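These figures come from a predicted structure and were not determined experimentally. Just so we're on the same page: letters track the sequence lines, and every chain starts at 1.
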There are 2 protein chains.
Amino acid sequence: MAFTDASLVALRVFREVAERGTLTAAAAALGYTQSAVSRQIAALERAAGAALLERRHDGVRLTAAGRLVLRHAAAVVDQVDAAARELAGLPSEDESTVRLGWFATAGAWLVPQALVSLGRSHPSITVVTRESSTPALVRALRAGTLDVALIASLPPFRAPDDETPALEAEALVERSLQVALPASHPLARNDFIDIADLRGHRWIAGPGDQLVMGVWPGLDERPRVAHTARDWLAKLQLVAAGLGITTVPAGLVAVVPAGVRVLPVRGGPSEQRRILLARLPGPMPEPVARLAAALRAAVVESWHQPIG
Amino acid sequence: MAFTDASLVALRVFREVAERGTLTAAAAALGYTQSAVSRQIAALERAAGAALLERRHDGVRLTAAGRLVLRHAAAVVDQVDAAARELAGLPSEDESTVRLGWFATAGAWLVPQALVSLGRSHPSITVVTRESSTPALVRALRAGTLDVALIASLPPFRAPDDETPALEAEALVERSLQVALPASHPLARNDFIDIADLRGHRWIAGPGDQLVMGVWPGLDERPRVAHTARDWLAKLQLVAAGLGITTVPAGLVAVVPAGVRVLPVRGGPSEQRRILLARLPGPMPEPVARLAAALRAAVVESWHQPIG
DNA sequence: CCGGGGTATGCGTGGATGTCATGGCCTTCA
DNA sequence: TGAAGGCCATGACATCCACGCATACCCCGG
């Protein structure tokens, strides 16, 4: 079979795989078995006459040919979906709809704040959002499933990925990492914490291998992790309950619950964190530009709020 | 099956049908049986949830839904083909390639003349051309198989078709119909022919029901058609051989073979003929604009040549 | 060396898609 | 008015493809 009449299902499956990074995950998302997905990809590769995926022990990665096909597949699938919507008489996925992806932290303050103000200034723009991990966001951008994404970046601030075409990334803000501790804690009476005082504490960290999320990176001891949690509210409530301390990006300060105090850390290198606004290169549709502006404004606004 | 995963083959078939205007012709062009095409279309209509074609005794016509689907199908198929070309490492159907369609008469003077001059001034532009009947040209434009087409138009100069979106048509030139007769003929000594002198001649006309092509439209007698031919060279050689006379558009004057004289007709209403340059509405790619300019220039240039 | 994450593949079955042949409808022409 | 010839639809097949299931395989980490 020539590539010119590959199956639309195959293209759709391929896009999903590219976005999930795993045949198995894509299969689950599509309601197929892993086997079916594997075969679809195999067929597509046969049609393309080249390997589209590089098989790795932890999933798959796109080859050069794969990226080529992905570009077109995304366009094709979008086009067909547009046709389907128009046929159904639906509002043809308004040009005024923006799909925004974000990493968990941004959902607590930046996203809601920006969307509220955007809703006021440009009520005609619809924003659909979705939380994902950073790699998932990057893949979704490349798969054309997202128009724009908020991505966290830490030193040495490399590009989100090293594929081509490179993503366009604008640094929205750079703030330093801070520490959250119970308001009742003796150290909370000061306006800052000395890095030396961080020793000996119990930490509340992120799940899995993300232990690094939540524990101060410059610690000169092996941290004792008392709890792990993915959810910010849960983490902060654990802090409020005096069960441990954790790190938080400065942006979260404004939405920290009662009983928690957030302080900057003195001594040691300052731990900077950036929030990037990333998208595929190319002309920026007007609604996307509006959303970007709203996000920038929200960042500025948050500076005027008390920073612990 | 939802429309969202219709088959690419079906879309391709559909485009072909839209271009040919007939299931049977599309089948022949694609190497399928008419039955297969019929089923493909049926399946597509089932997926679309609407009739895409209006069945008529002489073929099919697009319904509103059909036009909608055609728009998207053309884009989808193009996109996939582009992917295929890129995969094959081919020059990705240069943006600098223009596909031009023309009706038979234009191929004898306008097209060659314009292409030569375009080739001199913009050698980087590739033009692929194709002769077709006027309705075929119009369908090909709508199916996205041609970028631009030269179309003949006669009074009352209606639009090439009455579908939406309307085609953009620019009148390149308007010339009057003339008569070709043997250089040796007594009437050929004058610089014009009086309409009264057209009586009693033997005519060389177009094939089939196109008798009108070749016989002077204002004749007040039933014409005697001695020969029918589709090819201009054949027609003109028949004229040169003294086997009859025929009508020719003024543009052809410059390329008429020896032994043939072309004269305007006096008396009676002047028979005007227009050549339209037609394309789908939308932004005009730069190479297309160049080609259009070259065609306009060729028209102007031909005015400076002797007009019999 | 086993368990758990990935992907590939043999096997059986059902559906989709071809061809062939036929039938219905319409127009044209003798 | 009947025969011919254009068009499309459809019933009866054959074939093939793509699915699910189960299993094999590979690699890594504890």
Side-chain angles (χ1 to χ4, degrees), chain A residues 1-14 16-48 51-63 66 133 135-136 139 207-211, chain B residues 1-14 16-48 51-63 66 133 135-136 139 207-211:
Chain A
M1 179 203 300
F3 183 80
T4 62
D5 40 33
S7 132
L8 274 190
V9 208
L11 295 183
R12 211 174 280 276
V13 166
F14 181 68
E16 195 70 34
V17 168
E19 176 163 350
R20 305 281 171 177
T22 268
L23 300 208
T24 310
L30 293 168
Y32 287 164
T33 53
Q34 173 271 330
S35 150
V37 170
S38 172
R39 288 174 198 283
Q40 285 284 1
I41 298 298
L44 197 59
E45 289 184 313
R46 213 177 321 121
L52 303 180
L53 299 178
E54 176 190 346
R55 273 68 172 179
R56 306 164 65 91
H57 61 280
D58 60 342
V60 294
R61 284 190 38 171
L62 295 192
T63 65
S133 71
R139 285 194 303 261
D209 55 349
Q210 303 205 332
L211 282 186
Chain B
M1 181 202 301
F3 183 80
T4 63
D5 40 32
S7 134
L8 274 189
V9 205
L11 295 183
R12 211 173 279 277
V13 166
F14 182 67
E16 195 70 36
V17 168
E19 176 163 352
R20 304 282 171 176
T22 270
L23 298 208
T24 310
L30 294 168
Y32 286 163
T33 51
Q34 173 270 332
S35 152
V37 170
S38 172
R39 286 175 197 283
Q40 285 284 2
I41 299 298
L44 198 60
E45 289 183 312
R46 214 177 319 123
L52 303 180
L53 299 178
E54 174 191 347
R55 274 70 172 176
R56 305 165 65 89
H57 61 279
D58 59 343
V60 293
R61 282 190 38 171
L62 296 192
T63 64
S133 70
R139 285 193 304 260
D209 55 348
Q210 304 206 330
L211 280 186

May I have the list of side-chain donor-acceptor pairs in residues 30-38 of chain A shorter than 3.5 Å, sequence neighbours left out?
{"unit_1": "A/T33", "atom_1": "OG1", "unit_2": "A/A36", "atom_2": "N", "d": "3.3"}

*Answer with base, sugar-phosphate or nothing: what part of the nucleic acid does A/T24 contact at a heavy-atom distance below 4.0 Å?*
base

*Return the value, rounded to whole Å, for the distance between atom CD1 of A/I41 and atom C1' of C/dT9.*
16 Å

*Please determine, for the side chain of A/L23, which listed nucleotide (C/dA8, C/dG18, D/dC8) has the closest atom?*
C/dA8

*Tell me: CD of A/E54 to C1' of D/dC26, nearest whole Å?*
15 Å

*Take atom CG of A/L53 and atom P of C/dG6, then tell me their distance rounded to the nearest Å.*
15 Å

*In whole angstroms, how far is the P atom of C/dT7 from the CZ atom of A/R20?*
13 Å

Identify every side-chain donor-acceptor pair in residues 17-26 of chain A under 3.5 Å, counting partners at least two apart or on other chains, and give the distances.
{"unit_1": "A/E19", "atom_1": "OE1", "unit_2": "A/T145", "atom_2": "OG1", "d": "2.6"}
{"unit_1": "A/E19", "atom_1": "OE2", "unit_2": "A/R130", "atom_2": "NH2", "d": "2.4"}
{"unit_1": "A/R20", "atom_1": "NE", "unit_2": "A/E16", "atom_2": "OE2", "d": "2.7"}
{"unit_1": "A/R20", "atom_1": "NH2", "unit_2": "A/E16", "atom_2": "OE2", "d": "3.0"}

*Contacts to DNA chain C from residues 32-39 of chain B, heavy-atom cutoff under 4.0 Å, which residues?*
B/Y32, B/T33, B/S35, B/A36, B/R39

*Interatomic distance where CG belongs to A/L8 and C1' belongs to C/dA16 [whole Å]*: 15 Å

*Between CZ of A/F14 and CD1 of A/I41, what distance do you get to the nearest 0.5 Å?*
6.0 Å

*Inter- and intrachain pairs under salt bridge (charged side-chain N to carboxylate O under 4.0 Å, His left out), touching residues 24-40 of chain A, at least two apart*: none

_Just to verify, what does B/R139 make a salt bridge (charged side-chain N to carboxylate O under 4.0 Å, His left out) with, not counting sequence neighbours?_
none

*Heavy atoms under 4.0 Å, any strand shown: does A/G31 hit a base, just sugar-phosphate, or nothing?*
sugar-phosphate

Would you tabulate the pairs of protein nitrogen or oxygen atoms and nucleotide nitrogen or oxygen atoms of nucleotides 25-30 of chain C closer than 3.5 angstrom?
none

*asked:* Donor-acceptor pair, distance only, cut-off 3.5 Å: does the side chain of B/E54 make one with the backbone of B/L62?
replied: no

*How many angstroms lie between atom CD of B/E45 and atom OG1 of B/T63, to the nearest 0.5 angstrom?*
7.5 Å

*Between atom CZ in A/R61 and atom P in C/dG6, what is the gap in whole Å?*
17 Å

_Nucleotide nearest A/T22 when distance is taken to its side chain, options C/dT17, C/dG6, D/dA9_ = C/dG6

*To the nearest Å, give me how far apart CG (A/L44) and P (D/dA18) are.*
11 Å

*Would you check if the side chain of A/R12 reaches a backbone N or O of B/T4 as a donor-acceptor pair within less than 3.5 Å?*
yes

*Kindly determine whether B/L44 and B/L11 satisfy side chain to side chain contact (heavy atoms under 4.5 Å, CB included), including the steps that lead there.*
CA-CA 8 Å; B/L44 198 60; B/L11 295 183; 4.0 Å; yes

_Residue B/Q40, side-chain heavy atoms: nucleotide from C/dT17, D/dC19, D/dC7 that is nearest_ = C/dT17

